[in-house]
Enquirer: 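Have a look at this one.
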Amino acid sequence: MRSLHTRTPLLHSFPLSRRLGVPVYLKLEALQPTGSFKLRGVGRLCVEAAERGVNHFVSSSGGNAGLAAAHAAEVLGKRATVFVPTSTGELTQQRLRSLGAEVIVIGAEWDDAHAEAVAFAKRHEALLVHPFDHPSLWAGHSTLVDELTEDLDSPPGCVVLSVGGGGLLTGVVHGLRRAGWNHVPVIAMETIGADSLACALDAGALVELPAITSAAKTLGARKVAAEAFSVARAHDVRSVRVSDAQASAAQHAFADDHRILVELSCGAALAAVYTPVVEVAFADSVVVVVCGGAGVTLDSLSNSAGA
Ligand SMILES: *Cc1c(COP(=O)(O)O)cnc(C)c1O
């Protein structure tokens with residue numbers, strides 16, 4: 001099957017390895033064509049649909065999933081419609097339009113835009129591209145672990161990633177199982193106020209947050225996917241919350257160390273090694289999934305708090 005994503009480098013980070021005293025590897029998903037790992041899963045979902053004859057992709061994300069869907073449509077010569085809430089910035093809308101997507105601004109929050117997207121996709125017999133809850137997305141995201149098995153001589157001491165709706169987490173855990181790396185712990189990072197997985201694990205049930213109060217909007221799913229909750233309980237997944245300030249400090253330190261800009265949502269994962277959190281202290285090596293994100297500019301980063 002054709003794939004739209006890029007095989008990304010696994011960078012041995014010397015600054016972070018010095019800081020932690022063990023090898024720290026960075027899986028550089030920020031280098032995907034649309035700036036995040038989302039293209040792995042969304043690309044796969046769209047290619048599979050195109051092979052079934054689907055000509056139209058519908059997304060309800062103004063963020064990285066929407067960008068990936070618009071990019072997939074452009075590359076495959078299909079139509080893309082992206083529903084975004086009124087809170088979505090002009091820059092994002094322009095970026096989506098420049099990829100040839102139709103942008104429909106509707107509803108105050110993602111849930112409203114999503115409901116419209118679902119109804120529209122059904123009416124038009126189009127593919128609904130969910131941002132985190134679909135088996136093809138997980139299969140696409142899991143290819144990241146296949147690449148780790150090729151690049152590392154032995155399993156890492158842990159894999160660190162950030163969690164929004166849990167699509168990345170689910171894909172990575174599926175990939176670890178396929179690799180026979182079932183024992184490798186996953187450190188699941190969230191910001192306080194976007195901590196839907198941590199709250200669900202605390203409650204022992206799939207709970208819905210009343211609101212998203214973190215600035216890391218890309219992590220702002222009020223409820224994680226049922227499959228994400230289930231893999232988080234079946235696998236050794238250690239859930240960690242950091243503050244927006246810690247995520248922001250990590251985002252800035254990472255830009256200085258590696259000269260790569262990532263979203264605050266990715267700063268949450270990097271905070272595991274920049275803070276660092278106790279959950280990584282036991283590991284004899286660490287892989288951080290640098291999930292990336294296109295919603296960052298040099299200006300926005302300079303104007304945000306940092307350390
Ligand atoms: C989507 C996204 C996340 C969260 O991924 P989920 O699959 O929703 O858990 C984190 N960081 C970035 C940059 C993203 O695009």
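All values reported here derive from a predicted model rather than from experimental measurement. Remember, it's 1-based here, ligands and their atoms both numbered in the order they're listed.
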Enquirer: As an exercise, identify every atom of ligand 1 less than 4.0 angstrom from a heavy atom of G293.
Expert: 13 (C)
Enquirer: For ligand 1, is G292 a contact, meaning one of its heavy atoms is under 4.0 Å away?
Expert: yes
Enquirer: Looking at R241 and E190, does any basic side-chain N land under 4.0 Å from a carboxylate oxygen?
Expert: no
Enquirer: Under a 4.0 Å threshold between the charged nitrogen and the carboxylate oxygen, would E48 count as salt-bridged to R52?
Expert: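 Salt bridge flag = no for E48 with R52.
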Enquirer: Provide, to 0.1 Å, the distance between atom 5 (O) of ligand 1 and the closest protein heavy atom, together with that atom's residue and name.
Expert: F37 CZ, 3.5 Å
Enquirer: Is it the side chain, the backbone, both or neither of K38 that has a heavy atom closer than 4.0 Å to ligand 1?
Expert: side chain
Enquirer: Heavy-atom contacts under 4.0 Å between L219 and ligand 1: side chain, backbone, both, or neither?
Expert: side chain
Enquirer: As an exercise, identify every atom of ligand 1 less than 4.0 angstrom from a heavy atom of S265.
Expert: 11 (N), 12 (C), 13 (C)
Enquirer: Should G166 be listed as contacting ligand 1, given a heavy-atom distance under 4.0 Å as the test?
Expert: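 The answer is yes, since G166 has a heavy atom less than 4.0 Å from ligand 1.
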Enquirer: Counting from 1, what ligand 1 atoms have a heavy atom of G167 closer than 4.0 Å?
Expert: 6 (P), 7 (O), 9 (O)
Enquirer: Taking R40 first and then E147, would you say they form a salt bridge - that is, a charged N and a carboxylate O separated by under 4.0 Å?
Expert: yes
Enquirer: Could you check whether R79 pairs with E102 (Lys NZ or Arg NE/NH1/NH2 to Asp/Glu carboxylate O, under 4.0 Å)?
Expert: yes
Enquirer: Does C266 reach ligand 1, in the sense of a heavy atom lying below 4.0 Å from it?
Expert: no
Enquirer: Checking E227 against H174: is there a side-chain donor and acceptor pair closer than 3.5 Å?
Expert: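 Judged by distance alone, the side chains do pair up.
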Enquirer: Between T170 and H141, do the side chains contain a donor N or O and an acceptor N or O under 3.5 Å apart?
Expert: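 There is no such pair (donor and acceptor under 3.5 Å, judged by atom type) between the side chains of H141 and T170.
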Enquirer: Can you list the atoms of ligand 1 that are under 4.0 Å from a heavy atom of T218?
Expert: 1 (C), 2 (C), 3 (C), 11 (N), 12 (C), 14 (C), 15 (O)
Enquirer: Would the distance check show the side chain of R222 and the main-chain N or O of L209 forming a donor-acceptor pair, the cut-off being under 3.5 Å?
Expert: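 Checking the backbone N and O of L209 against the side chain of R222, a donor-acceptor pair under 3.5 Å is found.
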Enquirer: Provide the number and element of each atom of ligand 1 under 4.0 Å from a heavy atom of G165.
Expert: 6 (P), 8 (O), 9 (O)
Enquirer: Looking at A216, is its backbone amide N or carbonyl O close enough to the side chain of S214 to form a donor-acceptor pair, meaning the two atoms are under 3.5 Å apart?
Expert: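 Yes, the answer is positive, given that a donor and an acceptor are paired below the 3.5 Å cut-off.
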Enquirer: Does R7 come within less than 4.0 Å of D151, counting only side-chain N to carboxylate O?
Expert: yes
Enquirer: Using distance alone, determine whether G164 and ligand 1 share an N or O pair under 3.5 Å.
Expert: yes
Enquirer: Check this for me - ligand 1, L168, N or O atoms closer than 3.5 angstrom, yes or no?
Expert: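 The answer is yes, given that L168 and ligand 1 share an N or O pair closer than 3.5 Å.
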Enquirer: With atoms numbered from 1 as shown, which atoms in ligand 1 lie under 4.0 angstrom from a non-hydrogen atom of N64?
Expert: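 Listed by number with element: 13 (C), 14 (C), 15 (O).
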Enquirer: May I ask you to decide if I106's main-chain N or O and D112's side chain share a donor-acceptor pair within less than 3.5 Å?
Expert: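 Checking the backbone N and O of I106 against the side chain of D112, no donor-acceptor pair under 3.5 Å is found.
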Enquirer: Can V163 be said to touch ligand 1, with heavy atoms closer than 4.0 Å?
Expert: yes
